[in-house]
Amino acid sequence: EGGEKGWMWQQWDGKPLPGAVDTAEKKEGKASFRMGIPGTDGGRYMAKEIAVSDPRQDHVLSFWLKVDGVPERAARVALSVPNHGFLNGGDLVRTGGTEGWKLYRFPVTATELHGARKVTVFFYADHVGSGRVWIDDLAFDPGSLGSDQASKRAAPGAAGAAGSLRLVR
């Protein structure tokens with residue numbers, strides 16, 4: 001419920017937030033985050049560091065994305081595990097075009113966490129000046145894709161589980 005609070009972008013390089021909180025277009029809650037800065041060249045990212053309470057447990061990364069007018073494969077999502085690089089060797093999602101809200105869910109095993117107490121999720125817009133990417137209801141919850149908690153967590157309209165992180169106001 002904190003908007004862009006706790007998120008990272010290239011603010012260290014003096015770049016502005018690569019979009020805005022959007023209360024009109026959202027999947028759940030009161031708002032989503034819309035990436036896109038018309039007239040801007042190059043790529044940008046939003047990243048969220050997430051605490052892992054028990055790295056001995058499997059987890060599920062879930063979030064909703066919507067794209068509008070995004071160049072092919074220019075919207076990307078990756079998950080970084082400290083000292084072990086990106087899960088799956090790079091991007092978990094690579095999309096573009098125009099598509100309504102879509103739920104993405106990825107299992108992350110305890111083995112893949114390597115004992116890490118945090119992970120970082122990156123949302124990239126490789127052509128931030130072309131099209132828009134909406135992000136909503138980001139969560140990293142203990143469980144597996146078949147577990148009750150993870151299934152309830154990702155159900156449309158479901159309330160967030162304890163410990164989940166949401167990009168809404």
Side-chain angles (χ1 to χ4, degrees), residues 1-9 18-19 21-22 25-35 43-67 70 73-97 99-126 133-169:
E1 297 286 320
E4 68 274 359
K5 183 179 179 198
W7 286 76
M8 300 171 278
W9 61 93
V21 172
D22 188 337
E25 184 60 48
K26 59 199 176 281
K27 179 61 186 171
E28 297 182 359
K30 296 178 183 175
S32 66
F33 187 82
R34 181 189 67 246
M35 289 184 77
R44 301 289 295 283
Y45 70 82
M46 289 287 289
K48 180 73 172 182
E49 192 172 89
I50 302 171
V52 177
S53 59
D54 186 354
R56 297 168 298 172
Q57 288 187 313
D58 294 345
H59 284 70
V60 175
L61 171 67
S62 64
F63 51 88
W64 290 88
L65 284 184
K66 177 181 175 177
V67 293
V70 175
R73 299 175 52 84
R76 303 182 291 125
V77 182
L79 179 70
S80 174
V81 177
N83 302 313
H84 293 281
F86 289 100
L87 188 67
N88 203 34
D91 299 329
L92 296 172
V93 174
R94 207 167 172 87
T95 189
E99 184 175 47
W101 286 106
K102 183 175 179 182
L103 174 63
Y104 291 90
R105 300 172 69 215
F106 298 94
V108 181
T109 66
T111 302
E112 291 169 316
L113 287 172
H114 299 281
R117 289 288 184 179
K118 66 180 179 179
V119 295
T120 306
V121 182
F122 289 85
F123 293 89
Y124 297 94
D126 289 342
V133 178
W134 285 267
I135 307 161
D136 203 355
D137 209 24
L138 169 65
F140 191 72
D141 292 318
S144 62
L145 286 179
S147 72
D148 285 345
Q149 182 180 13
S151 295
K152 287 177 187 170
R153 179 68 188 92
S164 64
L165 298 169
R166 299 173 60 115
L167 181 64
V168 295
R169 282 193 181 176

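Only this structure's heavy atoms are used, side chains among them; waters, hydrogens and symmetry mates stay out.
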Side chain proximity check, [X] to [Y], heavy atoms < 4.5 angstrom:
| X | Y | value |
| --- | --- | --- |
| L87 | F106 | no |
| V81 | E112 | no |
| L61 | L92 | yes |
| V21 | K30 | no |
| D22 | W134 | yes |

Checklist entry - According to the interplanar angle, ranging from 0 to 90°, do the rings of F86 and F122 count as parallel (below 30°), tilted (30 to 60°) or perpendicular (above 60°)? => result perpendicular
Checklist entry - Parallel, tilted or perpendicular for F63 and Y104, by the 30°/60° rule? => result parallel
Closest approach of [X] to [Y] (non-hydrogen atoms, all atoms of both residues):
| X | Y | result |
| --- | --- | --- |
| P55 | A110 | O-CB, 3.5 Å |
| A78 | G90 | CB-O, 3.7 Å |
| T109 | D58 | CA-OD1, 3.3 Å |
| A75 | V67 | CB-CG1, 4.2 Å |
| H59 | P142 | CD2-N, 3.4 Å |

Checklist entry - Between V70 and V133, is a side chain to side chain contact (heavy atoms under 4.5 Å, CB included) present by the stated rule, with each step listed? => result CA-CA 7 Å; V70 175; V133 178; 3.8 Å; yes
Next on the checklist: Show, in sequence, the C-alpha distance, side-chain angles and deciding distance for D141 and V60, and conclude whether the side chain to side chain contact (heavy atoms under 4.5 Å, CB included) test is met.
Outcome noted: CA-CA 5 Å; D141 292 318; V60 175; 5.5 Å; no
Checklist entry - Is any NZ, NE, NH1 or NH2 atom of the basic residue among K27 and D136 found under 4.0 Å from an Asp or Glu carboxylate oxygen of the other? => result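 No, no charged N to carboxylate O under 4.0 Å.
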Roughly how far, to the nearest 0.5 Å, is [atom2] of [Y] from [atom1] of [X]?
| X | Y | atom1 | atom2 | result |
| --- | --- | --- | --- | --- |
| I135 | K48 | CD1 | NZ | 12.0 Å |
| T120 | Y45 | OG1 | OH | 10.0 Å |
| L113 | D54 | CG | CG | 9.5 Å |
| R73 | D91 | CZ | CG | 8.0 Å |
| M35 | F123 | CE | CZ | 9.0 Å |
| I50 | R117 | CD1 | CZ | 15.5 Å |

Checklist entry - Please walk me through it: do V121 and F140 pass side chain to side chain contact (heavy atoms under 4.5 Å, CB included)? => result CA-CA 10 Å; V121 182; F140 191 72; 5.8 Å; no
Checklist entry - What do the steps show when you test E25 against K66 for salt bridge (charged side-chain N to carboxylate O under 4.0 Å, His left out), and what is the final call? => result CA-CA 10 Å; E25 184 60 48; K66 177 181 175 177; 3.1 Å; yes
